[in-house]
Amino acid sequence: MEFPKNRSRDLVGMGRLTIDMNANEINRPMEETRTFTKYVGGSPANITIGASRLGLSTGFIGKVADDQMGNFIRSYFEKNNINTENVKTDNTGAVTGLAFTEIISPEDCSILLYRDNVADLKISPLEISEEYIKNTSAVMFSGTALAASPSREAVFLAAEYAHKHGTKVLFDIDFRPATWKSKEETATYYNLLAEKSHLIIGTRDEFNMMENMESEMDGSDDKTAAKWFNHSAEIVLIKHGAEGSFAYTKDGDYFTGKTFETEVLKTFGAGDAYASSFVYGLMQGWEVNRAMDFGGASAAIVISRHSCSEAMPNAEEVQKFIDESVRKGTIKS
């Protein structure tokens with residue numbers, strides 16, 4: 001994938017801006033958890049933070065509540081060298097979304113989302129800067145930003161600006177069932193954005209959700225990828241959890257990503273770490289398989305740590321983890 005050169009920023013995220021409240025007491029259900037640690041959360045926020053840690057020049061398009069939580073998000077972005085000139089502040093009384101996490105075991109984790117009247121879904125088309133998108137190489141969109149208006153329309157306008165100026169459109173499916181009214185509504189808007197996307201990243205289950213109204217689709221990765229190559233897609237990356245990841249390119253190449261053994265604390269955060277490091281690799285001009293391995297290693301690091309955003313590694317940490325995994329023989333093809 002060729003990214004436009006000489007832009008002010010490498011990557012700009014757009015979408016969900018929330019607070020993660022991660023359980024401090026692990027190996028117990030939410031009902032018995034009494035204390036939590038606060039972090040910045042939301043898939044596009046985590047991906048942008050991860051990309052910044054790796055050394056990319058980043059920014060964000062979004063909206064935060066006019067409260068202490070909104071201030072916390074903005075301040076954390078700035079401390080992590082993420083440009084916030086297009087992070088708007090809501091003035092309608094909307095609140096910051098919350099995500100409480102439950103860590104019963106490494107295999108049994110869940111997230112309780114509070115998404116009523118959240119500020120990040122209040123961003124409007126009038127608040128989207130064409131100039132900002134023109135001056136970035138790629139925009140990473142999150143599927144949850146499509147769940148309600150006016151955020152939905154703002155996303156499509158931003159994608160139009162990206163196409164107009166040759167900015168790459170990257171789409172993290174990020175399907176959260178609790179934020180949607182019906183499977184038909186969800187599939188409709190996800191497909192509309194995927195048609196405009198140059199890179200589409202999601203789990204097999206997420207792609208199945210997008211295909212639920214298409215009788216000719218049978219859950220085959222080959223068919224899924226081929227469908228999107230009839231539109232704007234250049235790379236389609238389908239994740240199968242512990243079975244690994246599979247990437248298809250428009251020119252006919254196919255790649256299988258490696259998985260890395262690690263001491264798992266939790267399951268969430270892996271996809272965000274993978275996406276940030278995979279995109280980083282593509283922007284370095286790496287082959288797709290090398291970028292996938294970098295993404296897999298980054299995901300393995302994050303699931304061994306308590307947070308998602310704070311756990312995002314830098315490039316040196318990821319490479320060191322890969323080198324040590326090679327030495328120990330703990331990489332699975």
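When a residue number appears, it is its place in the shown sequence, counting from 1.
- Using cut-offs of 30° and 60° on the angle between ring planes, the pair F156 and Y189 is tilted.
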*Passes side chain to side chain donor-acceptor pair (under 3.5 Å), R74 versus T89? Steps please.*
CA-CA 10 Å; R74 187 185 296 277; T89 300; 2.8 Å; yes
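- Looking only at side-chain heavy atoms (C-beta outward), I111 and F268 come within less than 4.5 Å of each other.
- Between I49 and S52 the shortest side-chain heavy-atom distance does not fall below 4.5 Å.
- Checked by atom type and distance alone, the side chain of K250 never pairs as donor or acceptor with a backbone atom of S232 at under 3.5 Å.
- Side-chain contact check for N22 and T101: at least one donor-acceptor pair (N or O, by modelled atom type) lies under 3.5 Å.
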*asked:* Is there a salt bridge (charged side-chain N to carboxylate O under 4.0 Å, His left out) between R305 and E317? Walk through the geometry before answering.
replied: CA-CA 13 Å; R305 298 174 175 176; E317 288 178 278; 3.0 Å; yes
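- Using a 4.5 Å heavy-atom cutoff, the side chains of V279 and L199 are in contact.
- Atom CZ in R9 sits 10.0 Å away from atom CD1 in I133 (nearest 0.5 Å).
- Taking every heavy atom of both residues into account, T136 and T167 meet most closely at O-OG1, 3.1 Å.
- Summarising the geometry of I303 relative to T267, their closest heavy-atom pair is CG2-O, 3.8 Å, with the distance given to 0.1 Å.
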*Please step through salt bridge (charged side-chain N to carboxylate O under 4.0 Å, His left out) for the pair E234 and K168, ending with a clear verdict.*
CA-CA 10 Å; E234 298 175 26; K168 294 296 184 182; 2.7 Å; yes
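- Looking at N86 and E127, their side chains never come closer than 4.5 Å, going by heavy atoms from C-beta outward.
- Contact between V95 and A65 at its shortest, heavy atoms only, is C-CB, 3.7 Å.
- Looking only at side-chain heavy atoms (C-beta outward), F60 and P44 come within less than 4.5 Å of each other.
- Between K38 and D20 there is no salt bridge, since no side-chain nitrogen of the basic residue lies less than 4.0 Å from a carboxylate oxygen of the acidic one.
- At distances below 3.5 Å, not a single donor-acceptor pair connects side-chain atoms of T96 with backbone N or O atoms of M69.
- In the model, S276 has no side-chain atom that pairs as donor or acceptor with a side-chain atom of R53 under 3.5 Å.
- Taking the six-membered ring for Trp and the full ring otherwise, H198 and H163 have centroids separated by under 6.0 Å.
- Comment: K328 does not engage E261 in a salt bridge, judged by the lack of any side-chain N to carboxylate O separation of less than 4.0 angstrom.
- Comment: E211 engages R204 in a salt bridge, judged by a side-chain N to carboxylate O separation of less than 4.0 angstrom.
- Using a 4.5 Å cut-off between side-chain heavy atoms of Ile, Leu, Val, Met, Phe, Trp and Tyr, with links allowed through other members, I201 and V318 fall into the same hydrophobic cluster.
- Rounding to the nearest 0.5 Å places CG of L17 at 11.0 Å from CD1 of I61.
- Within a 6.0 Å sphere centred on CD of Q68, other residues, nucleotides and ligands contribute 12 heavy atoms or fewer.
- Using modelled atom types, one finds no donor on one side chain facing an acceptor on the other under 3.5 Å when comparing S142 with D172.
- Side chains of E287 and N289: no donor on one and acceptor on the other come within 3.5 Å.
- In this structure, a donor-acceptor pair under 3.5 Å is absent between the side chains of D205 and T203.
- For the residue pair T84 / E78, a side-chain donor-acceptor distance below 3.5 Å is found, with atom types taken as modelled.
- Defined by atom type and a distance below 3.5 Å, a donor-acceptor pair is missing between the side-chain atoms of D222 and Y254.
- Applying the side-chain hydrogen bond (donor to acceptor under 3.5 Å, both in side chains) test to D293 and every residue at least two apart in sequence or in another chain returns K258.
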*Could you walk me through whether R176 and D174 pass the salt bridge (charged side-chain N to carboxylate O under 4.0 Å, His left out) check?*
CA-CA 6 Å; R176 306 289 171 172; D174 186 33; 3.1 Å; yes
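- A perpendicular orientation is assigned to the rings of F246 and H240, their planes being inclined by more than 60° (bins at 30° and 60°).
- With hydrogens and angles disregarded, a donor-acceptor distance shorter than 3.5 Å links the side chain of T33 to the backbone of P29.
- With hydrogens and angles disregarded, no donor-acceptor distance shorter than 3.5 Å links the side chain of D253 to the backbone of T249.
- Relative ring orientation between Y190 and F175 is described as perpendicular, the plane-to-plane angle rising above 60° on a 0-90° scale split at 30° and 60°.
- A side-chain donor from one of Q319 and D323 sits under 3.5 Å from a side-chain acceptor of the other.
- Looking at S75, its side chain never comes within 3.5 Å of a backbone N or O of N71 through a donor-acceptor pair.
- Taking the charged nitrogens against the carboxylate oxygens, K239 and E206 have no contact shorter than 4.0 Å, which rules out a salt bridge.
- Taking 4.0 Å as the cut-off between side-chain N and carboxylate O, R34 and E25 do not count as a salt-bridged pair.
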_Chi angles and distances behind the ring pair (Phe, Tyr, Trp, His ring centres under 6.0 Å) call for Y248, F255_ = CA-CA 7 Å; Y248 296 78; F255 301 93; 9.5 Å; no
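- Panel note: side chain D272, backbone G269; no donor-acceptor pair is recorded below 3.5 Å.
- Formation of a donor-acceptor pair under 3.5 Å by the S325 side chain with backbone atoms of F321 is found in this model.
- Residues L98 and F77 share a single hydrophobic cluster, defined by chaining ILVMFWY side chains whose heavy atoms lie under 4.5 Å apart.
- A salt bridge between E185 and R152 is present, with a side-chain N of the basic residue lying under 4.0 Å from a carboxylate O of the acidic one.
- Salt bridge K122/D120: absent, no basic N to carboxylate O contact under 4.0 Å.
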*W228 and M210: side chain to side chain contact (heavy atoms under 4.5 Å, CB included), yes or no, with the steps?*
CA-CA 12 Å; W228 297 115; M210 292 171 63; 3.6 Å; yes
_Please determine whether ring pair (Phe, Tyr, Trp, His ring centres under 6.0 Å) holds for the pair F294 and W286, giving the CA-CA distance in whole Å, both sets of side-chain angles, and the decisive distance to 0.1 Å._
CA-CA 10 Å; F294 212 73; W286 297 351; 5.0 Å; yes
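- In the model, R16 has a side-chain atom that pairs as donor or acceptor with a side-chain atom of T144 under 3.5 Å.
- Minimum heavy-atom separation, G166 to P4: O-CG, 3.4 Å.
- Taking 4.0 Å as the cut-off between side-chain N and carboxylate O, K227 and E214 count as a salt-bridged pair.
- Side-chain atoms of D10 and Y280 include no donor-acceptor pair closer than 3.5 Å.
- Rounding to the nearest 0.5 Å places OG1 of T224 at 5.0 Å from CD1 of I238.
- Here E153 contributes atom CD and L146 contributes atom CG; the two are 9.5 Å apart, rounded to the nearest 0.5 Å.
- Minimum interatomic distance between A23 and I103 (heavy atoms only, all atoms of both residues): O-CD1, 4.1 Å.
- The shortest heavy-atom contact between E130 and K164 is OE2-NZ, 2.8 Å.
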